[in-house]
Engineer: 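I'd like to ask some things about the structure below.
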Amino acid sequence: MNLNSQPSLVFSDYPLKSMLYCNMLAEMGVNLIETLDWIPDPDDFRMPQVPLVVVDMNLPRDEENSHLDELKIVFPNAQIVFFEEDHKGAFLQHTDGRDVARIGKLMDLAEVRPLLHSMIEACRASLLSSASLNKKAVNE
């Protein structure tokens, strides 16, 4: 299994930003990328194999927390980068082998690149460790 066996997702209602994130991810070796302009409802489906989710949407400030919580449910194993409007709730959370970053939309792209790169590397490390576990289980 590799990082490109399942699509990484970019959620954006800004076509130019979608293209920018897709280009940045492609430069970092992510070749299978899908873009969507809506956030899925956790009651409708789950996608546990998605490695990376980038969200940059025009959402009401008071709904950002609930949308991020929904994304964590729909994509339970994904590294998530969530851009918020006003930079007040920014955080980086690491739990159970995954990172969730909530950062401000006005963050400099020079700072976004290393964050995305580290999340991609975390995806690769997670896939390598799960592949070696599966191989070990098969060999026993």
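Position 1 is the first residue of the sequence, and the numbers go up from there.
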Engineer: Evaluate the side-chain proximity of E64 to V55: yes if any heavy-atom separation is below 4.5 Å, no if none is.
Structural biologist: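 No, their side chains stay 4.5 Å or more apart.
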Engineer: L115 and A101: which non-hydrogen atoms are nearest, and at how many Å?
Structural biologist: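 Taking every non-hydrogen atom into account, CD2-CB, 3.9 Å.
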Engineer: If you compare all heavy atoms of L68 against all heavy atoms of I80, which two are closest, and at what distance to 0.1 Å?
Structural biologist: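 So the minimum-distance heavy-atom pair works out to CD1-CG2, 4.0 Å.
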Engineer: When you look at V53 and F82, which way does the side chain to side chain contact (heavy atoms under 4.5 Å, CB included) test go after all the steps?
Structural biologist: CA-CA 8 Å; V53 173; F82 185 93; over 6 Å; no
Engineer: Report yes if the side chains of I39 and L59 come closer than 4.5 Å at any heavy-atom pair, otherwise no.
Structural biologist: yes
Engineer: When rounded to the nearest 0.5 angstrom, what distance separates CG in N31 from SG in C22?
Structural biologist: 11.5 Å
Engineer: Once rounded to the nearest 0.5 Å, what's the spacing between atom CD1 of I120 and atom CE of M28?
Structural biologist: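 I120 CD1 to M28 CE: 5.0 Å, rounded to 0.5 Å.
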Engineer: I need the D37 CG to N58 CG distance, nearest 0.5 Å.
Structural biologist: 12.5 Å
Engineer: Would you check if M57 and H67 make a side-chain contact, meaning some heavy-atom pair closer than 4.5 Å?
Structural biologist: no
Engineer: To the nearest 0.5 Å, how far apart are CZ in F75 and CD in Q49?
Structural biologist: 12.5 Å
Engineer: Among all residues two or more places apart in sequence or in another chain, which pass the side-chain contact (heavy atoms from CB on, under 4.5 Å) test with P15?
Structural biologist: none
Engineer: Using modelled atom types and a 3.5 Å cut-off, is there a donor and acceptor pairing between side-chain atoms of R113 and backbone atoms of M24?
Structural biologist: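 Flag not set: sc R113 to bb M24 has no pair under 3.5 Å.
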Engineer: How long is the span from the CE atom in M119 to the CZ atom in R98, to the nearest 0.5 Å?
Structural biologist: 9.5 Å
Engineer: Using the side chain to side chain contact (heavy atoms under 4.5 Å, CB included) rule, take R102 and N65 through it: C-alpha gap first, then chi angles, then the decisive distance, then the call.
Structural biologist: CA-CA 10 Å; R102 182 173 168 168; N65 284 334; 2.3 Å; yes
Engineer: Do you know the tightest heavy-atom contact between D99 and Q79?
Structural biologist: N-OE1, 2.7 Å
Engineer: So I73 and R46, do their side chains get closer than 4.5 Å, heavy atoms only?
Structural biologist: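 Sidechains of I73 and R46: in contact.
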Engineer: Where is the tightest heavy-atom contact between M47 and P76, given as atom of each residue plus distance?
Structural biologist: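 Looking at all heavy atoms of both residues, the closest pair is O-CD, 4.0 Å.
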Engineer: Just wondering, do S8 and Y21 contact through their side chains at under 4.5 Å, heavy atoms?
Structural biologist: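 When only atoms from C-beta onward are counted, S8 and Y21 do not touch, as no gap falls below 4.5 Å.
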Engineer: Determine the minimum heavy-atom distance between L52 and C123, stating which atoms define it.
Structural biologist: CB-SG, 4.3 Å
Engineer: Could you check whether the rings of F45 and W38 sit parallel, tilted or perpendicular, using 30° and 60° as the cut-offs?
Structural biologist: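 Perpendicular.
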Engineer: Do you reckon L9 sits in the same ILVMFWY cluster as M19, going by side-chain contacts under 4.5 Å, direct or chained?
Structural biologist: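 No: no chain of side-chain contacts under 4.5 Å links L9 to M19.
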Engineer: Does any non-hydrogen side-chain atom of V81 lie less than 4.5 Å from one of V112?
Structural biologist: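 Answer no - side chains too far apart.
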Engineer: Could you walk me through whether F83 and Y14 pass the ring-ring contact (aromatic ring centres under 6.0 Å, His included) check?
Structural biologist: CA-CA 13 Å; F83 289 89; Y14 306 104; over 10 Å; no
Engineer: Determine yes or no for a side-chain-to-main-chain donor-acceptor pair under 3.5 angstrom, with T35 supplying the side chain and V10 the backbone.
Structural biologist: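 Checked: no pair found.
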Engineer: Got a sec, which residues hit salt bridge (Lys or Arg N to Asp or Glu O under 4.0 Å) with E85, two or more places apart in sequence or on another chain?
Structural biologist: K105
